[in-house]
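Everything on this sheet refers to the single structure shown next.
Each ligand, and each atom within it, is numbered from 1 in the order the structure gives.
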Amino acid sequence: MKKTILFPVLMCIPLFGICQVKSIEELLLPAPVSLKQGSGNFILNSKTNIVILSKDIDAKRVATFLSKKLSQSAGFLVNVKTSSTAAGSNIIKLSLISDAILGNEGYKLDITSGTIMLSANKPAGLFYGMQTLVQLMPKEIESIHVVKNMAWKIPACSITDYPRFGWRGLMFDVARHFFTKDEVKKYIDEMVKYKYNLLHLHLTDDEGWRIEIKSLPKLTEVGAWNVKRVGYFGTFQPPSPDEPRTYGGFYTQDDIKEIVQYAKDRFVDILPEIDVPGHSLAAIAAYPELACSAGQGPKSEVSSGQNIKDWSTHTALIDDNLCPANENVYEFLDKVLTELAHLFPFEYIHMGGDETFKTFWEKSDAVKALMQKEGLKTMEEVQSYFEKRVEKIVESKGKKFMGWDEILEGGLAPSAAVMSWRGMKGGIEAAKMKHDVVMSPTDFAYIDYMQGDPIIEPHIYATLRLKKAYQFEPVPEGVDSKYIKGGQANLWSEQLYTFRHAEYMTWPRGFAIAEALWSPKEKRDWDNFFPRVENQFKRLDESEINYAPSAYDPIFEATNTGNKQLMIELSTEPKGLDIYYTFDNSFPDCFSPKYAEPLIVPKESVMLKVITYKGKNPVGRLIYMPIEELQKRADNKK
Ligand code: ACM
């Protein structure tokens, strides 16, 4: 990658007697478009003034965020004032300018020892420039307590920066497990630090309906509650009738208004998703007449994570789909969308469309009659009929229609935007048909997947390591980039019970996706990225935000050799780590054997224990890997 910065020594932090050297570049994530180092430092103190060279109230809000942050961690109040001029030194100036290269979200940041000049075309640019400015401050700025006796140095530099994509999203599934209004706000606080600007809320699913719809009260009276289970989602026993349905929750419309305003103040749009016609069991539990079986099939209850679908045969075991042949379904959706459109100012409404197993549609006389009447030949065409009708309802509310890539099957609705999740294929197809696309492929952007070895990670059925997430490239070859609005990482919550764990799953893979969406493509460089991730870890420690250290853990590769021995290769995603191991059941540390070449498992050994170090410091977790498990992996290799 091209490096604009070549002079490394800016901060010298005494750490166990070692002088740790950081370049400015190492402080910033996502990487900016261009960065030039200056000389010296701006020193923030209680005499610093923030001056807004504009009367814009949004610009004032950005300045106030900065001053609040300083008062929380530095413990002093800086003065914020509006003025048409600002002379003298020890000033942070915020200015709205006109510079075509910066677009709506870009900014320029010029820091000298006397002044900081932050300029942008729009307040959103000032906001992202402010995030960069905060990243340039000592990590203690992220502390949740006041830190005394700090020199609040900001290195002199000059930055010009703007995003590659306008859609930089995170999806938070608040349906499978409910997360409170305050947790959603905290998620917004965390995402904006990395310049995300879109929060997709997956508001409904088989496990819960999470938004109050005043004209359809049972959606939340019935649909928001199930029976708590912990363990492996999809394997739970169905609840018995006497088990209390007290687990869940929902957002009132006032809650939604508060979240939307909170997000807007931070330049974040909220994309609401109502997932239909599949994944609709919570709605059907509330209004059973909306299913094709119309209450005549197995009793519809909000799922508590038991198996309601046979994934191997794509068979629904319970009727969790809205019936496309029932006019009441479209009236129901009209009511939902009328209220939704008033609550969410964002231009799009996401209507789901994924994983609609057609088992009960196939059995339905009403669907058969609909097919005959409309000349529909396949179940995919039936879903397409449904999607086109829903598209019209969405548009009648003044909104644009978006869905998961299944909405391509059977014919895409004329103005639909597609969110591509089953790889990039659906996105490519839609872009070639001149439809707008958001890329969120499972292979790079599914942050509900495990991020390391299943022997240690909280269980789910697939893995996405940090290094792979960092390879996310939203614009595939041969596609006109103007149809790719951007991308997002998706955090599904089947296996997510707490907000701490949501953080663990989001960071650091959220850094990787943020960089793919903000920074120039040619800046992508794993070896340059990982030290910046490590720098952010220290800041997350200050703010007590959880993250996964999984990238430090080793990767195990087990092979049967020609002479029937079991061979183990160990590696790590980042460079510069040492791996120590034992086969004798003792705990490895940096005095244990250091991995240097493939290991042959000693006969009768039962456990390989490993840990990674960076110099004298353990960084990975102590992993117990049963030899039996390694043998199984070697035997299963083709
Ligand atoms: C999805 O992951 N089912 C969109």
Side-chain angles (χ1 to χ4, degrees), residues 167 169-177 198-210 233-234 271-283 303 305 307-316 320-322 348-359 380 383 386-387 390 401-410 412-413 416-430 435-451 460-464 468-469 472 474 485-496 502 505-506 509 513:
W167 186 297
L170 287 174
M171 189 214 75
F172 196 10
D173 172 5
V174 293
R176 265 53 174 278
H177 284 99
L198 183 125
L199 178 64
H200 169 173
L201 286 179
H202 181 76
L203 287 166
T204 70
D205 213 301
D206 298 318
E207 287 71 32
W209 184 284
R210 305 297 179 203
F233 181 90
L271 170 72
E273 181 189 353
I274 301 295
D275 198 354
V276 291
H279 287 276
S280 296
L281 192 50
S303 169
N307 199 13
I308 56 170
K309 295 167 203 198
D310 182 341
W311 292 90
S312 61
T313 57
H314 279 211
T315 308
D320 69 334
N321 291 346
L322 300 182
Y348 282 95
I349 294 183
H350 193 309
M351 295 302 297
D354 58 320
E355 299 174 320
T356 307
F357 298 170
K358 319 293 197 297
T359 319
E380 286 65 38
Q383 181 165 349
F386 173 86
E387 302 296 351
V390 176
F401 171 82
M402 177 176 277
W404 298 110
D405 58 57
E406 284 92 335
I407 64 170
L408 281 151
E409 295 167 2
L412 188 58
V418 171
M419 190 169 271
S420 191
W421 73 278
R422 296 175 300 174
M424 315 280 272
K425 206 167 63 31
I428 295 170
E429 194 183 326
H435 285 247
D436 282 341
V437 168
V438 173
M439 290 292 190
S440 60
T442 52
D443 354 15
F444 299 100
Y446 263 42
I447 56 173
D448 57 324
Y449 288 2
M450 293 180 289
Q451 39 205 325
I460 198 165
Y461 50 84
T463 301
L464 170 65
K468 183 86 189 279
F472 179 39
K485 296 178 75 65
Q488 62 180 48
N490 293 339
L491 182 59
W492 298 101
S493 66
E494 289 98 318
Q495 288 290 106
L496 215 64
M505 299 305 280
T506 304
R509 288 177 298 186
I513 304 299

Decide yes or no for M351 and V276: does some side-chain heavy atom of the first lie under 4.5 Å from some side-chain heavy atom of the second? yes

Does the side chain of D405 come within less than 4.5 Å of M419's, by heavy atoms? no

Within a distance under 4.0 Å of any heavy atom of W492, pick out the atoms of ligand 1 and give their elements. 1 (C), 2 (O), 4 (C)

Which of the numbered atoms in ligand 1 are under 4.0 angstrom from any heavy atom belonging to E355? 3 (N)

Which residue supplies the protein heavy atom nearest to atom 2 (O) of ligand 1, what is that atom called, and how far is it? Y446 OH, 2.6 Å

Could you tell me the residue and atom name of the protein heavy atom closest to atom 3 (N) of ligand 1, and the distance to it rounded to 0.1 Å? D354 OD2, 2.7 Å

How far apart are the C-alpha atoms of D354 and R422, what are their side-chain angles, what is the distance that settles it, and do they pass the salt bridge (Lys or Arg N to Asp or Glu O under 4.0 Å) test? CA-CA 10 Å; D354 58 320; R422 296 175 300 174; over 6 Å; no

Does any donor atom in the side chain of W421 or Q488 lie under 3.5 Å from an acceptor atom in the other side chain? no

